[in-house]
Colleague: 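Got a structure for you, written out below as structure tokens; questions coming shortly.
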Amino acid sequence: MLINSHEACRVSVIIPTLNAGPDLNELIKRLQQQSLQPYEIIVIDSCSDDGTAELALMAGVRVLHVPRSEFDHGGTRNRAAQQAKGDILMFMTQDALPYDDKLVEELTRPLLTEDKAVYAYARQLPRAGANELERLARQHNYPAESQLKSYEDLDRLGLKTFFCSNVCSAIRREVFEAMGCFQEPVIFNEDLFMSAKCILSGYQVAYCAEAAVFHSHDYSVAEQFKRYFDNGISMRCNTWITPYSAVGKAGSNLVKLQLKELHLTRQWKLIPKLAAESAAKLLGYKLGMHYRLLPAFITRRLSMHRLILTQIEQQSPGVAMKQ
């Protein structure tokens, strides 16, 4: 069901937080200054101890709470979505900042104008001071051209067809609910799995280059390993998506781009770091895919999200971690 216009559109912005710090003020301020005003902004906080919830309340937004032990990337967003009143659910992370005042308007545009477009995600621009490898990764994953992705793109793009990011995304509420909401508990890829369900159901996912946020990380090699270990776990727990997987190909394309750029700009000193990061990502992912063969204490040590792992283990004890 298409909403006739932006004027009739109610957008609920949902932001999970944990010790977001003073940057949350700037995020809320920029959202409140959008050309298309959010109908509501909901912060769902995981028992922060730095005053995040209080800061959000002072900024005039709605605050929900979830125990830190019950947080997961899908379930926490689902809790907030159940309380939201909007026709469109817009998800952001606490470390993303709108590039301009057109973010909400541009992100929701395809959901209002394209009959089959039901889920959209924004372009991510590196923050000032981002390292060169991170800058190139953003450039590769978030190009300057928008696109609509559908089932017909699977042969060409493989798993990349389902790529989507809840760093900044929006979805039609009725479709979100029809798809069963985000998977929960989930340690990684709740956005990719929702995108896959939409596309396999005949819908389209929109990448909106005109909607942009500043967002990037400076992960260490060890942190990259842990992230991709969790990525591997999430894929192992969702074998239905395995036939579409082409992770190695997608990763190799990025590495080729980064190598080429480092060579052209004579930044050869970064090549060892690129090699180390690439090896850490691949090894982490492969180990994550076989996490059930590892002792539980090792799995928890290798993961970024030990508490979510515990939830997954409790949900499916028969196929969880080896004790």
Side-chain angles (χ1 to χ4, degrees), residues 15-21 23 44-50 52 66-78 91-96 124 127 130-131 133-134 137-138 141 159 163-169 182-194 215-238 241 245 247 250-251 254 273 276-316 320-322:
I15 310 168
T17 58
L18 172 62
N19 293 334
D23 287 348
I44 181 161
D45 186 63
S46 300
C47 299
S48 293
D49 51 24
D50 70 341
T52 290
V66 59
R68 198 173 299 185
S69 62
E70 295 178 14
F71 170 86
D72 83 275
H73 295 291
T76 298
R77 287 174 170 87
N78 289 342
F91 298 96
M92 291 195 70
T93 54
Q94 66 185 36
D95 58 347
Q124 294 183 30
R127 288 177 175 268
N131 66 63
L133 298 182
E134 182 71 0
R138 301 291 149 181
N141 290 323
L159 192 67
F163 180 77
C164 185
S165 176
N166 273 346
V167 163
C168 184
S169 69
F182 290 123
Q183 181 184 130
E184 60 174 290
V186 63
I187 196 168
F188 209 84
N189 288 329
E190 83 289 341
D191 38 21
L192 182 143
F193 298 141
M194 174 59 76
H215 180 260
S216 54
H217 293 287
D218 188 18
Y219 288 124
S220 66
V221 171
E223 288 170 330
Q224 293 284 20
F225 174 90
K226 287 175 176 287
R227 288 188 76 246
Y228 276 78
F229 180 76
D230 288 346
N231 189 359
I233 290 175
S234 76
M235 298 298 283
R236 173 54 62 197
C237 292
N238 289 272
I241 209 166
S245 181
V247 172
L254 173 58
K273 182 180 180 182
E277 281 192 1
S278 301
K281 290 176 181 179
L282 182 60
L283 179 59
Y285 181 79
K286 295 293 187 182
L287 275 176
M289 284 285 287
H290 295 89
Y291 81 101
R292 291 170 182 159
L293 301 178
L294 301 174
F297 77 93
I298 291 180
T299 301
R300 293 194 181 95
R301 185 179 293 271
L302 297 180
S303 172
M304 266 190 169
H305 299 97
R306 300 176 188 178
L307 293 177
I308 303 177
L309 269 178
T310 300
Q311 293 181 55
I312 293 172
E313 183 180 19
Q314 290 172 346
Q315 185 187 67
S316 303
M321 293 173 283
K322 182 180 179 182

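Below, all heavy atoms of this structure are taken into account, side chains as well, without hydrogens, waters or symmetry copies. One-based numbering along the sequence shown.
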Colleague: Evaluate the ring planes of H73 and F71, with Trp represented by its six-membered ring, and classify them as parallel (under 30°), tilted (30 to 60°) or perpendicular (over 60°).
Modeller: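 The rings of H73 and F71 stand perpendicular, inter-plane angle above 60°.
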Colleague: Determine whether I187 and L309 make a side-chain contact, defined as any pair of heavy atoms from C-beta on separated by less than 4.5 Å.
Modeller: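 When only atoms from C-beta onward are counted, L309 and I187 do touch, with a gap below 4.5 Å.
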Colleague: Can a side-chain donor-acceptor contact be found between S165 and Q124 if the only test is distance below 3.5 angstrom?
Modeller: yes
Colleague: Do F225 and L302 have side-chain heavy atoms sitting under 4.5 Å apart?
Modeller: yes
Colleague: Would you say the side chains of N19 and Q94 form a donor-acceptor pair under 3.5 Å?
Modeller: no
Colleague: Checking T17 side chain against A20 main chain: does a donor-acceptor pair fall under 3.5 Å?
Modeller: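 Not confirmed, T17 side chain does not pair with A20 backbone.
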Colleague: Could you check if a side-chain atom of F229 sits within less than 4.5 angstrom of a side-chain atom of Y291, using non-hydrogen atoms only?
Modeller: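 In short, these two side chains touch, coming nearer than 4.5 Å.
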Colleague: Less than 4.5 Å apart, any side-chain heavy atom of N231 and any of N189?
Modeller: yes
Colleague: Quick one, F193 and N238 - any side-chain contact, counting heavy atoms below 4.5 Å?
Modeller: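 Heavy-atom side-chain distance check passes, below 4.5 Å.
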Colleague: Do the charged groups of E223 and R227 touch, with an N to O distance under 4.0 Å?
Modeller: no
Colleague: Heavy-atom distance under 4.5 Å between the side chains of K226 and H305, does that happen here?
Modeller: no
Colleague: For a quick check under 3.5 Å, do T52 and D45 share a side-chain donor-acceptor pair by atom type?
Modeller: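 Note: T52 and D45 side chains miss the donor-acceptor criterion.
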